[in-house]
Amino acid sequence: MNILETKRLLLRRLVMDDLDDLFVLYSDKEVRKYFPEGTLTRDETKEELEWFLNGHPQHPELGLWATIYKETGQFIGRCGLLPWTIDGQYEVEVAYMLARKFWGQGLATEAAQGIAEYAYDKLNLSRLICLIDRDNEASKRVATKIGMSFEKEGYDDKGPYLLYSINK
Ligand SMILES: CC(C)(COP(=O)(O)OP(=O)(O)OC[C@H]1O[C@@H](n2cnc3c(N)ncnc32)[C@H](O)[C@@H]1OP(=O)(O)O)[C@@H](O)C(=O)NCCC(=O)NCCS
């Protein structure tokens with residue numbers, strides 16, 4: 001099921017056939033620099049994929065979506081919207097992760113912008129966040145380019161993070 005399109009990208013629900021591509025993405029140490037834990041093995045990747053097959057189980061309108069480079073049909077990453085409760089508040093995070101050879105072409109910004117517009121226009125969300133490692137400059141830049149700004153620091157079981165946000 002297609003979720004949204006941008007100029008160069010198609011975002012659609014994950015399907016079981018994405019397993020190999022997703023596993024290759026998650027196995028790249030550079031891609032995982034700021035997410036070294038969790039979903040590392042093929043079995044864990046399969047479990048995560050199954051979890052998101054019909055959207056996020058508790059919020060099917062959200063989820064992680066396969067990100068396809070339209071020109072070639074290649075799977076180049078997974079991006080989407082994830083629900084969290086932070087400081088007692090329901091939040092929706094714009095998430096983005098692309099394969100390394102597609103970095104540096106504005107594709108994450110394009111995906112994140114498309115996701116944000118989808119969230120505002122189709123899901124009627126008026127606030128979005130990004131949870132970012134303090135050293136992840138590329139991610140901060142993507143968040144800033146879609147209009148977010150630094151709001152606060154937080155801490156979860158994986159350590160400290162920066163919360164960037166936008167309120168429409
Ligand atoms: C973060 C990520 C999605 C960025 O993807 P990308 O397609 O290269 O991003 P873009 O091309 O849209 O670039 C966005 C901006 O970040 C800048 N940027 C990219 N890498 C950078 C780096 N290492 N340091 C500082 N800025 C950087 C770009 O120059 C661009 O800014 P500009 O337009 O002002 O020049 C990609 O690096 C990735 O998948 N990383 C691993 C997963 C991850 O960390 N996800 C974020 C989780 S919070």
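For ligands, and for the atoms within them, numbers begin at 1 and follow the listed sequence.
- Within the listing of ligand 1, atoms 10 (P), 11 (O), 12 (O) sit less than 4.0 angstrom from a heavy atom of Gly106.
- Atoms of ligand 1 found under 4.0 Å from any heavy atom of Leu131 (numbered from 1 in listed order, with element): 48 (S).
- Interatomic distance, Leu11 CG to Thr6 OG1, rounded to the nearest 0.5 Å: 7.0 Å.
- Protein heavy atom closest to atom 39 (O) of ligand 1, with residue, atom name and distance, is Leu98 N, 2.8 Å.
- At least one N/O-N/O distance between Lys145 and ligand 1 falls below 3.5 Å.
- In terms of protein heavy-atom proximity, atom 4 (C) of ligand 1 is closest to Ala108 CB, 3.6 Å.
- Remark: ligand 1 atoms within the under-4.0 Å shell around heavy atoms of Met97 are 39 (O), 42 (C).
- Heavy-atom minimum distance, Val31 versus Arg100: CG2-N, 4.1 Å.
- Residue contact check: Ser139 has heavy atoms under 4.0 Å from atoms 1 (C), 46 (C), 47 (C), 48 (S) of ligand 1.
- Listed here is the closest heavy atom pair of Leu62 and Pro83: CD1-CB, 3.7 Å.
- Atom 45 (N) of ligand 1 has Tyr96 O, 2.8 Å as its closest protein atom, hydrogens excluded (heavy atom only).
- Here the shortest heavy-atom pairing between Lys168 and Tyr120 reads CG-CE2, 3.2 Å.
- Atoms of ligand 1 lying under 4.0 Å from at least one heavy atom of Val31, given by number and element, are 41 (C), 42 (C).
- A salt bridge links Lys46 with Glu50: the closest approach of a Lys/Arg side-chain nitrogen to an acidic carboxylate oxygen falls below 4.0 angstrom.
- Of all atoms in ligand 1, numbered sequentially from 1 with element shown, those under 4.0 Å from a heavy atom of Gln105 are 11 (O).
- Closest to atom 36 (C) of ligand 1 by heavy atom, among Phe35, Trp103, Tyr161, Tyr164, is Trp103.
- Note: Lys140 NZ to Ile132 CD1 = 8.0 Å, rounded to the nearest 0.5 Å.
- Looking from atom 15 (C) of ligand 1 to the surrounding protein, the closest heavy atom is Arg141 CG, 3.1 Å.
- Distances from atom 14 (C) of ligand 1 to the heavy atoms of Leu162, Thr144, Thr109, Val94 show the closest one on Thr109.
- Each of the following atoms of ligand 1 lies closer than 4.0 Å to a heavy atom of Gly104: 6 (P), 7 (O), 8 (O), 11 (O).
- Rounding to the nearest 0.5 Å places CD1 of Ile76 at 8.0 Å from CD1 of Ile68.
- Contact between Ser139 and Tyr96 at its shortest, heavy atoms only, is O-OH, 3.0 Å.
- With hydrogens left out, the protein atom closest to atom 20 (N) of ligand 1 is Ala138 CB, 3.3 Å, a heavy atom.
- Nearest heavy-atom pair across Arg78 and Tyr26 is NE-OH, 2.9 Å.
- Shortest non-hydrogen contact noted between Arg32 and Leu40 is NH1-CD2, 3.7 Å.
- For the residue pair Arg127 and Asn167, a side-chain donor N or O sits within less than 3.5 Å of a side-chain acceptor on the partner.
- An N or O contact shorter than 3.5 Å links Asn136 to ligand 1 by distance.
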Dump the intermediate steps for salt bridge (Lys or Arg N to Asp or Glu O under 4.0 Å) on Asp28 and Lys101, then the final yes or no.
CA-CA 11 Å; Asp28 184 327; Lys101 69 176 175 188; over 6 Å; no
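- Ligand 1 has no nitrogen or oxygen under 3.5 angstrom from a nitrogen or oxygen of Tyr34.
- Residue-ligand proximity, Glu137 to ligand 1, at heavy-atom distances under 4.0 Å covers atoms 24 (N), 25 (C).
- Remark: atom 34 (O) of ligand 1 lies closer than 4.0 Å to at least one protein heavy atom.
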